[in-house]
Participant: 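Below you will find the structure I want to go over with you.
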Amino acid sequence: MKEKIRLYIEENKEELFKTIQDVVRIKSVVGNEQEMQLYMKKKYEELNLILHEIEPKYEKVSAHEAFIDSGIPFEDRKNIIGIHKGVSNGKSLTIHGHVDVVSPEPYSSWTMDPWSGDIIGNKLYGRGSADMKAGLISNWFALKALIDLGYPIAGDVQLHSVIEEEAGGGGGALACLEEGFVTDGYISTEPHNLNMTISHGGIMYFRVYVKGRTAHAGLAHEGINAISKMMKILSALDELSEWRAKNVKFDLFEKGSGQSVHLNLGVLKAGDWVSTVPGEAILEGRIGFIPGETREEIKELVQDTIMKSVLGDEWMDKNPPVIEWFGWSTEPWYQDPENPFVKLFIENAEEVMGHKVIMVGRAGGNDARFTQYYGKQGLCFGPIGENMHGPDECVHLDSVVEVTNVLANYIIKWSES
């Protein structure tokens with residue numbers, strides 16, 4: 001069957017590529033996913049799948065310990081699930097992808113239209129081409145190949161097309177699982193360069209407020225500059241970031257991301273007029289951590305670092321910085337590499353592609369982490385991509401073909417195992 005699958009995909013890969021182009025041209029920036037979801041609904045209907053449209057229920061998903069609030073209303077934003085029923089009692093499988101993408105701004109940094117879907121050589125360009133519309137369409141095409149070839153799949157196969165992964169997945173993957181769409185195994189086809197990802201770091205966002213005292217710039221000595229006060233905190237957090245980068249290691253993350261932990265200071269806001277001493281400064285950061293570290297420990301570490309950095313400052317002693325935690329807050333995810341689901345997948349992938357598959361972890365988050373809350377196993381495996389979240393994002397089309405082959409063969413093997 002392996003040869004039949006490869007021949008089918010090879011003979012029909014132009015349809016695969018054109019479909020990826022179609023979806024890249026849909027501007028599904030997180031929060032505006034419904035045009036894309038209508039498209040995916042039609043693609044699932046073409047395969048005569050049993051369709052479910054899941055609009056997240058805030059009261060239900062927000063009670064879950066893994067929920068991350070995107071701040072975007074759920075109304076009229078739906079997840080689309082298509083189910084192919086198995087012919088017997090084989091093992092069930094979810095193949096997952098998200099439709100939301102990040103903004104391509106600034107457009108000026110691109111050398112082409114970020115919504116073009118242009119193909120140049122082996123690369124298909126555009127925002128979301130790699131992250132992760134190519135993987136999403138590979139999922140659909142792998143199942144389509146087996147259906148068109150008339151293969152009797154033993155277990156149920158669920159295709160999940162979800163929203164807001166980029167904003168934490170609370171209204172997307174988590175909402176689908178909370179509605180009972182849970183299977184024996186779960187694959188997310190994120191662009192992980194044909195490696196198999198079984199772990200990712202914990203992630204938390206924090207915000208720091210520093211108070212100053214406004215004054216006219218010509219009387220700046222009467223004011224307290226919030227930017228200057230914030231610099232002490234910035235310096236201390238930079239030192240913490242450097243120390244953790246050198247001393248906190250997790251082998252899977254070193255393989256998959258090149259560095260295990262990061263402390264990124266992503267947003268700094270202060271002042272509103274050049275001739276006014278700024279009375280407030282706001283800093284937002286993201287800290288990553290490894291399995292074995294907890295959210296409570298990381299919170300204490302960040303808070304202690306900030307408060308120690310301003311000790312002895314008379315103004316800050318009376319007006320201490322205010323720290324709040326918001327947005328992403330997730331524990332590290334680690335899937336046992338000895339699990340039969342994982343071992344069978346890597347054996348299948350190596351057999352199909354004819355080369356070794358590296359098992360890695362990633363310092364960034366993904367939706368596969370939610371499986372740990374349901375007692376199920378999950379992993380990520382997807383195509384080779386470049387410049388995700390950056391200008392001239394693209395996906396390597398030969399790797400998309402390989403992912404589709406691996407998925408189609410694994411559907412058979414897993415369902416019959």
Participant: Where the side chain of Glu164 meets the backbone of Val30, is there a donor-acceptor pair that is under 3.5 Å apart?
Facilitator: no

Participant: Any idea how Trp328 and Tyr205 line up, ring-wise: parallel (<30°), tilted (30 to 60°), or perpendicular (>60°)?
Facilitator: tilted

Participant: Under a 3.5 Å cutoff, is there a donor and acceptor pairing between the side chains of Ser161 and Lys41?
Facilitator: no

Participant: Let me see the working for Phe381 and His192 under ring-ring contact (aromatic ring centres under 6.0 Å, His included), right down to the final yes or no.
Facilitator: CA-CA 6 Å; Phe381 176 83; His192 289 183; 9.5 Å; no

Participant: Enumerate the residue pairs fulfilling salt bridge (Lys or Arg N to Asp or Glu O under 4.0 Å) with a member in residues 358-383, sequence neighbours excluded, ordered by first and then second residue.
Facilitator: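 Only Asp184-Lys376 qualify under salt bridge (Lys or Arg N to Asp or Glu O under 4.0 Å).
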
Participant: With Arg207 as the cation and Phe326 as the aromatic partner, state whether NZ or CZ is under 6.0 Å from the six-membered ring centre and within 45° of the axis.
Facilitator: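 Yes.
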
Participant: Mark yes or no for whether Asp156, through its side chain, and Leu93, through its backbone, hold a donor-acceptor pair below 3.5 Å.
Facilitator: no

Participant: Compile the donor-acceptor pairs under 3.5 Å between side chains in residues 229-242 and protein atoms, sequence neighbours left out, one pair per line.
Facilitator:
{"from": "Lys229", "atom 1": "NZ", "to": "Asp313", "atom 2": "OD1", "distance (Å)": "3.3"}
{"from": "Lys229", "atom 1": "NZ", "to": "Asp313", "atom 2": "OD2", "distance (Å)": "2.8"}
{"from": "Lys232", "atom 1": "NZ", "to": "Asp313", "atom 2": "OD2", "distance (Å)": "2.6"}

Participant: Tell me which pairs pass side-chain hydrogen bond (donor to acceptor under 3.5 Å, both in side chains) where either residue lies in residues 378-391, with sequence neighbours left out.
Facilitator: Lys123-Glu386, Asp131-His389, Glu166-His389, Glu386-His396

Participant: So, does Ser129 use its side chain to make a donor-acceptor pair with the main chain of Tyr125 at under 3.5 Å?
Facilitator: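 Judged by distance alone, no pair lies under 3.5 Å.
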
Participant: Tell me if a side-chain donor or acceptor on Gln259 pairs with a main-chain N or O of Val261 at a distance below 3.5 Å.
Facilitator: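 Side chain of Gln259 to backbone of Val261: a pair is present.
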
Participant: May I ask you to decide if the ring planes of Tyr410 and Trp414 are parallel, tilted or perpendicular, using 30° and 60° as cut-offs?
Facilitator: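 Taking Trp414 first and then Tyr410, their aromatic rings lie parallel (interplane angle under 30°).
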
